[in-house]
Amino acid sequence: MIAGEKAPDFTLYDHTDRPRTLSELLAAGPVVLFFFPLASSPICTAQACHFRDLSNEFARVGAQRVGISTDTVDKQAHFARQRSFDYPLLSDADDVVSELFGVRRGRLAKLRRSVVAREAARHGRHTRRRGLLARLLPVRRTTFVIDTDRTILKVVSSEVRASVHADETLRFLEKKNMSHSSPRVRQSEGKGEPIGDWFTEPETADEPSLVRPYTLTGRTDSGVELALEAPVEALNTTAKPPRWRRNDVRGQILTSCVNSPSVAEIASRLSLPLGATRFLVDDLATQGYLRVRAPLNDSMTIDERRELITRTLRGLRAL
């Protein structure tokens with residue numbers, strides 16, 4: 001995700017096993033949400049401790065610090081006790097939030113473009129490809145400054161410079177507070193590009209990015225009651241072509257819906273969580289890009305129903 005976009009709302013458990021919702025945190029002021037790959041690892045410890053040591057400085061600019069990784073609640077609790085952190089550490093153990101923020105390594109495989117490849121995927125071949133780096137460091141070390149309306153104001157991305165995350169976000173917030181009376185200056189500050197270094201993996205056109213503000217309720221439940229076997233078909237969008245980035249996953253969902261796959265098939269082909277897939281399909285249907293047909297309706301023949309159920313089961317088995 002980049003500056004100017006809306007951050008997805010979510011609810012995750014912190015290191016004290018207390019549920020934390022982003023929108024509730026934002027009610028008390030801007031949130032500095034920093035993703036770190038692995039609790040208690042050397043660079044992650046340095047990153048998190050630097051946020052701890054700047055507690056007074058962040059309090060003066062009215063910002064809250066929140067850490068998040070794919071570690072379990074128990075590991076986060078151990079990390080917090082070990083280093084005496086005065087802010088919550090969230091557990092994204094199922095990778096859903098990191099996926100929605102676009103910081104998960106090896107997030108999505110390339111969309112299968114040939115008919116042969118698509119047929120192979122339908123027969124149970126999983127499309128996710130995660131290398132050694134993705135297994136060791138499951139998320140990119142990235143920090144987001146999120147305003148009270150969930151607008152992302154600043155993004156900092158650096159793998160090896162642990163202190164730059166707290167330093168850059170604090171500097172940005174101090175400038176933002178100084179120029180608060182000038183909306184034009186504030187807008188200019190919000191357009192900064194993520195800070196990178198030689199270790200940061202660039203986001204390519206073949207790596208789709210989830211950039212819409214989808215709400216997560218609970219830990220992984222999408223809250224959208226969309227049948228997994230519901231057939232989805234793409235509509236003609238020439239009248240209002242979408243203005244998405246080239247690597248936006250929504251564009252790949254539209255491409256994959258040419259043959260009216262089920263919701264489960266879409267999740268399997270693109271290696272998406274079922275909850276996120278339901279949100280994406282529901283949102284695209286609301287915008288008029290997709291049509292979701294009623295599953296197993298009376299107009300379908302027995303053979304069509306059998307084929308739909310078979311395809312859906314294949315998609316679920318591939319997840």
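This structure is a prediction, so every number in the text was calculated from the model and none was measured.
- Residue Ala162 comes nearest to Ala46 through the heavy atom pair CB-CB, 3.8 Å, listed as atom of the first residue, atom of the second, then distance.
- Side-chain contact, Asp74 with Thr72: no donor N or O sits under 3.5 Å from an acceptor N or O.
- Hydrophobic clustering places Leu89 together with Leu54 (ILVMFWY residues linked when any side-chain heavy atoms are closer than 4.5 Å, directly or through intermediates).
- Below 30°, between 30° and 60°, or above 60°: for Phe101 and Phe10 the angle between ring planes is above 60°, a perpendicular geometry.
- No donor-acceptor distance shorter than 3.5 angstrom exists from the side chain of Gln47 to the backbone of Phe36, with no hydrogens or angles considered.
- Residues Ala3 and Leu153 come closest through the heavy atom pair CB-O, 3.7 Å.
- Put simply, CG on Asp9 and CD1 on Ile146 are 9.5 Å apart, with the number rounded to the nearest 0.5 Å.
- What you find for Val139 and Glu159 is that their closest heavy atoms are O-OE2, 4.4 Å.
- Asp282 contributes no side-chain N or O that, together with a main-chain N or O of Thr286, makes up a donor-acceptor pair within less than 3.5 Å.
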- Mind running side-chain hydrogen bond (donor to acceptor under 3.5 Å, both in side chains) on Thr16 and Asp14 for me, showing each step along the way? CA-CA 5 Å; Thr16 65; Asp14 67 8; 2.7 Å; yes
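- Smallest separation of non-hydrogen atoms from Ile253 and Ser256: O-OG, 2.8 Å.
- Under 4.0 Å is where a charged nitrogen must lie from a carboxylate oxygen, and between Arg171 and Glu168 at least one such pair does.
- Listed for the Gln76 side chain is a donor-acceptor partner under 3.5 Å among the backbone atoms of Leu90.
- A side chain to side chain contact (heavy atoms under 4.5 Å, CB included) with Val32 is found for one member of Phe172, Phe51, Phe144 and no other, namely Phe51.
- A donor-acceptor contact shorter than 3.5 Å links the side chain of Ser91 to the backbone of Asp71.
- Ring geometry for Tyr87 versus Phe85: interplanar angle under 30°, hence parallel rather than tilted (30 to 60°).
- Side-chain atoms of Thr169 and Phe58, non-hydrogen and from C-beta on, do get closer than 4.5 Å to each other.
- Annotation: the span from Thr143 atom OG1 to Lys154 atom NZ amounts to 11.0 Å, rounded to 0.5 Å.
- Here the closest heavy-atom approach between residue Arg141 and residue His165 is recorded as O-CE1, 3.2 Å.
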Show, in sequence, the C-alpha distance, side-chain angles and deciding distance for Ser55 and Arg65, and conclude whether the side-chain contact (heavy atoms from CB on, under 4.5 Å) test is met. CA-CA 8 Å; Ser55 174; Arg65 299 147 297 147; 3.4 Å; yes
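- One hydrophobic cluster, built from ILVMFWY side chains closer than 4.5 Å, cannot hold both Val164 and Ile43; they sit in different ones.
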Does the pair Lys6 and Ile152 meet the rule for a side-chain contact (heavy atoms from CB on, under 4.5 Å), with working shown? CA-CA 6 Å; Lys6 289 285 187 177; Ile152 295 178; over 6 Å; no
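- The OG atom of Ser98 sits 4.5 Å away from atom CG of Asp95, with the distance rounded to the nearest 0.5 Å.
- When all heavy atoms of Ala234 and Leu290 are compared, the closest pair comes out as CA-CD2, 3.7 Å.
- With rounding to the nearest 0.5 angstrom, the CZ atom of Phe79 is 8.0 Å from the OG atom of Ser69.
- One finds the CG atom of Leu12 at 5.5 Å from the CG atom of Asp92 (value rounded to the nearest 0.5 Å).
- Separation of atoms CZ (Arg60) and CG (Leu170) is listed at 8.5 Å; rounding is to 0.5 Å.
- For Arg52 (side chain) and Arg83 (main-chain N/O), a donor-acceptor pair under 3.5 Å exists by modelled atom type.
- For Glu99 (side chain) and Arg104 (main-chain N/O), no donor-acceptor pair under 3.5 Å exists by modelled atom type.
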